[in-house]
Amino acid sequence: MIEGARYVHTNLIARDWRRLAEFYQSVLGCVPVPPERNLSGPQLESGTGVPGATLAGMHLRLPGGGADGPTLEIFSYSRPENGPAPAVNRPGFAHIAFAVASVNEARAEVLAAGGAAIGEVVTMAIAGGGRVTWCYVTDPERNIIELQAWS
């Protein structure tokens, strides 16, 4: 086991990092962790393996983790690489999840802020774990978010 390992952030590459950061702040209660980053140069190119890489963005503290909790790191590259749209069943990282008081109300707020729905709100019994009401939605750039409430 790697000594001292702890989860610190998830990176999200955005087309417009400011717009996406505002969405996560206003809709899901994430909090900016200054400073804004504007990175470029040989070290960034070497570390990312992207020739000519330049990126800008910021970290947002995720709700519920406290002052030292993990962050959502939202960056935009000056020359983004196009790829397939996110899908809930594609191998690899698929979604970020938030516990909410009301899935229906949270879903409505996400949709009103420019997000989109994937499927419907459902409630499932989890053996030994109670019941979870959940749904998938997307942020304005179509990254997948799970909203969930346990009972």
Side-chain angles (χ1 to χ4, degrees), residues 1-101 103 106-107 110 113 115-116 118-119 122-151:
M1 179 178 355
I2 298 172
E3 184 177 335
R6 73 179 185 92
Y7 179 70
V8 293
H9 77 257
T10 297
N11 174 262
L12 179 58
I13 300 302
R15 289 170 189 79
D16 180 345
W17 77 264
R18 289 185 188 279
R19 179 176 176 234
L20 212 53
E22 174 58 31
F23 171 86
Y24 281 93
Q25 290 172 74
S26 65
V27 176
L28 292 162
C30 295
V31 177
V33 179
E36 289 184 9
R37 273 59 164 202
N38 290 290
L39 306 172
S40 63
Q43 290 176 315
L44 181 66
E45 292 178 39
S46 181
T48 62
V50 177
T54 63
L55 57 83
M58 71 183 319
H59 282 249
L60 299 175
R61 182 85 54 215
L62 293 164
D68 294 322
T71 61
L72 182 60
E73 176 187 66
I74 302 178
F75 284 156
S76 291
Y77 277 84
S78 59
R79 294 188 322 243
E81 184 74 27
N82 288 323
V88 297
N89 62 341
R90 181 170 293 122
F93 291 110
H95 68 268
I96 186 169
F98 289 86
V100 297
V103 172
R107 182 177 190 262
V110 167
I118 298 176
V122 297
T123 300
M124 300 173 62
I126 305 298
R131 297 174 59 77
V132 61
T133 299
W134 64 277
C135 71
Y136 288 134
V137 292
T138 72
D139 66 25
E141 291 196 4
R142 302 305 178 241
N143 300 294
I144 300 168
I145 302 168
E146 178 182 344
L147 303 171
Q148 61 175 245
W150 287 85
S151 59

Atom CZ of residue position R37 - does it have more than 12 heavy atoms of other residues, nucleotides or ligands inside 6.0 Å? yes

Residue N38 excluded, over 12 heavy atoms near CG under 6.0 Å: yes

Could you go through V122 and W134, starting from their C-alpha distance and side-chain angles, then the distance that decides it, and tell me whether this counts as side-chain contact (heavy atoms from CB on, under 4.5 Å)? CA-CA 6 Å; V122 297; W134 64 277; 3.4 Å; yes

For the [atom1] atom of [X] and the [atom2] atom of [Y], what is their distance to the nearest 0.5 Å?
| X | Y | atom1 | atom2 | result |
| --- | --- | --- | --- | --- |
| M124 | I126 | CE | CD1 | 5.0 Å |
| I74 | D139 | CD1 | CG | 8.0 Å |
| I13 | F75 | CD1 | CZ | 7.5 Å |

Would you confirm whether [X], through its side chain, and [Y], through its main-chain N or O, come within 3.5 Å as a donor-acceptor pair?
| X | Y | answer |
| --- | --- | --- |
| T54 | S40 | no |
| R6 | P70 | no |
| T133 | T123 | no |
| T48 | L44 | yes |
| R61 | A67 | yes |
| E141 | D16 | yes |
| R19 | W17 | no |

Before you tell me yes or no, could you show the steps for T10 and L62 under side-chain contact (heavy atoms from CB on, under 4.5 Å), namely the whole-Å CA-CA distance, both residues' side-chain angles and the distance that decides it to 0.1 Å? CA-CA 10 Å; T10 297; L62 293 164; 5.9 Å; no

Determine the minimum heavy-atom distance between [X] and [Y], stating which atoms define it.
| X | Y | result |
| --- | --- | --- |
| P32 | Q25 | CG-OE1, 3.1 Å |
| A87 | I144 | C-CD1, 3.6 Å |
| L60 | C30 | CB-CB, 3.8 Å |
| V88 | A94 | O-CB, 4.0 Å |
| A97 | Q148 | CB-NE2, 4.1 Å |
| G29 | P63 | O-CB, 4.3 Å |

Geometric class of the Y24/F98 ring pair [parallel <30°, tilted 30-60°, perpendicular >60°]: tilted

side-chain contact (heavy atoms from CB on, under 4.5 Å) assessment of L147 paired with I145: CA-CA 6 Å; L147 303 171; I145 302 168; 4.0 Å; yes

Can you list the steps and then say if E36 with R18 is a side-chain contact (heavy atoms from CB on, under 4.5 Å)? CA-CA 10 Å; E36 289 184 9; R18 289 185 188 279; 3.0 Å; yes

Does a side-chain heavy-atom distance below 4.5 Å link N143 with L20? yes

